Number of protein chains: 2
Amino acid sequence: MFSVSARTQYAIRAMAHLARLEGKSATAADIASAQGIPLKYLEGILSRLKLSGLVESERGKNGGYRMQGRAQDVSMLAIVEAMDGSVKPVSCVDSAASCAQGRACLPRKFWIGLKSAIDAYLNEHSLKDIVEGDQV
Amino acid sequence: MFSVSARTQYAIRAMAHLARLEGKSATAADIASAQGIPLKYLEGILSRLKLSGLVESERGKNGGYRMQGRAQDVSMLAIVEAMDGSVKPVSCVDSAASCAQGRACLPRKFWIGLKSAIDAYLNEHSLKDIVEGDQV
DNA sequence: GTATATTCCTACTATTCAGATAGGAATATA
DNA sequence: TATATTCCTATCTGAATAGTAGGAATATAC
């Protein structure tokens, strides 16, 4: 229950890899072999990370990916959302109008509360916590 | 991300339905039509709820399902776990030995913390909150 | 004791989605 | 011009979820 996609786990490893390079860049192939991630799959992951502004890239020879900003400023929520979108226990979480049960939907507030709890936890932790391995 | 299965949502509606009967029983067919849940699918859900001790049943004519205990004593965690098992962001959450990354797995503590946050939220809320609709 | 209403059990089908793969276009460097 | 890279699009595959189907077991009522 509530399992995290392989994609998100890969993304965290990739970001942690880049974080350790302190601003230097790495190619997708470097990251893939170091982290044991299928290269072609990783390319898609890096593309999403780039769309979310978490990494920047350069094409061509000597190209690669570089982390944007400092590790302590990259929230885990940002990485998770870059991969699988916002936390949504139920689809109607952000609009009562879209709820099949309508106004009568009693569990809706409950799910919104769950979303808040998850978002808060993910937002309180940064990539730095992962890299340093000294979080909770 | 972190979406809840239809099964769990159905289960909550079914339990809320039973809770409102205050100890009286209802047939699967009653619940199915009142809550708009496919009957045959609901039967499987009720079977799991029974296995977890959340409802009891009686067969034959005048049979049906009855909620066990009081609504305030039925945690939402119990319902969720009855449907989809325990909260497990990553599969190695309960044993480092089963972690493919082994001792070197930095994110593991992070995921365990997430599990704790989710478990805590689900455990703090009961079926009573849902039925009364005045939670958070 | 027969008809009926119900839970309970097993198997099957359909659909969706995650994970992965493939090929090659665009682009930058040497 | 050769090469190394990101970037784009399409496709395949296996597993899981959601739902369906049929009937066995069991209890009640007449």
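It should be emphasised that the depicted structure is a prediction, and the values quoted were computed from it without experimental measurement. Chain letters run A, B, ... following the sequence lines, proteins first and then strands; every chain starts at 1.
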Requested in this report: For C:dA28, take OP1 and OP2 only and decide whether either is under 4.0 Å from a side-chain N or O of A:N62.
Outcome: no

Query raised in the report: Hey, does the side chain of B:R66 reach the backbone of B:E56 with a donor-acceptor pair shorter than 3.5 angstrom?
Result: no

Report task. Give A:S47 one of three labels, base, sugar-phosphate or nothing, depending on what nucleic acid heavy atoms sit under 4.0 Å from its own. Result -> nothing

Query raised in the report: With sugar-phosphate meaning primed atoms plus P, OP1 and OP2, does B:G64 contact a base, only sugar-phosphate, or nothing at under 4.0 Å between heavy atoms?
Result: sugar-phosphate

**Report entry** Side-chain donor/acceptor of A:K40 to base of C:dG19, under 3.5 Å
**Finding:** no

Query raised in the report: B:E81 versus B:S52: any side-chain heavy-atom pair under 4.5 Å?
Result: no

Report summary line: Considering only heavy side-chain atoms of A:P38, the closest of C:dA20, D:dT6, D:dT3 is C:dA20

Query - Stepwise side-chain contact (heavy atoms from CB on, under 4.5 Å) check, A:S86 with A:K115 - result: CA-CA 9 Å; A:S86 69; A:K115 171 187 168 54; 4.3 Å; yes

Query raised in the report: A:M83 has an atom CE; how far is it from atom P of C:dA18, in whole Å?
Result: 13 Å

Query - Spacing of A:R48 atom CZ relative to C:dA20 atom P, expressed in whole Å - result: 14 Å

Requested in this report: Check step by step if side chain to side chain donor-acceptor pair (under 3.5 Å) holds for B:D119 and B:S116.
Outcome: CA-CA 5 Å; B:D119 278 350; B:S116 299; over 6 Å; no

Query raised in the report: Within this structure, what is the CZ-to-P distance between B:R7 and C:dT15, rounded to whole angstrom?
Result: 20 Å

Report task. Hunt down the Watson-Crick or G-U wobble partner of C:dA28, both distances under 3.5 Å, from any strand shown, or write none. Result -> D:dT3

Query raised in the report: In whole Å, what is the span from the CZ atom of B:R59 to the P atom of D:dT28?
Result: 12 Å

Query raised in the report: Rounded to the Å, how far apart are A:L39 CG and D:dT6 C1'?
Result: 11 Å

Report summary line: Pairing partner of D:dA21, by Watson-Crick or G-U wobble and under 3.5 Å for both distances, is C:dT10

Query raised in the report: A:Y65 side chain N/O closer than 4.0 Å to the phosphate oxygens (OP1, OP2) of D:dC7?
Result: yes

Query raised in the report: Reckon A:A29 touches a base, only the sugar-phosphate, or nothing at all at heavy-atom distances under 4.0 Å?
Result: nothing

Requested in this report: Using a cut-off of strictly less than 4.0 Å, decide whether B:Y10 has a side-chain nitrogen or oxygen near OP1 or OP2 of D:dG19.
Outcome: yes

Query raised in the report: Think B:K50 has a side-chain N or O under 4.0 angstrom from the OP1 or OP2 of C:dC8?
Result: yes

Query - A:E58 CD - C:dT29 C1' separation (whole Å) - result: 11 Å

Report summary line: Walking DNA chain C from its 5' end, the first of A:S5 and A:E43 to be reached, judged by nearest nucleotide, is A:S5

Query raised in the report: If only side-chain N and O atoms of B:S57 are considered, is one of them under 4.0 Å from the OP1 or OP2 phosphate oxygen of C:dT6?
Result: no

**Report entry** Whole-Å distance separating the NZ atom of A:K61 from the C1' atom of D:dT5
**Finding:** 10 Å

Query raised in the report: Atom OH of B:Y41 to atom P of C:dA14: distance rounded to whole Å?
Result: 17 Å

Query raised in the report: Side chains of A:Y10 and A:L42: closer than 4.5 Å at any heavy-atom pair?
Result: no

Query - A:G60 or A:T8, whichever maps to the more 5' nucleotide of DNA chain C - result: A:T8

Report task. Count the heavy atoms of every other residue, nucleotide or ligand shown that sit under 6.0 Å from CD of A:Q35, and state whether that count exceeds 12. Result -> yes

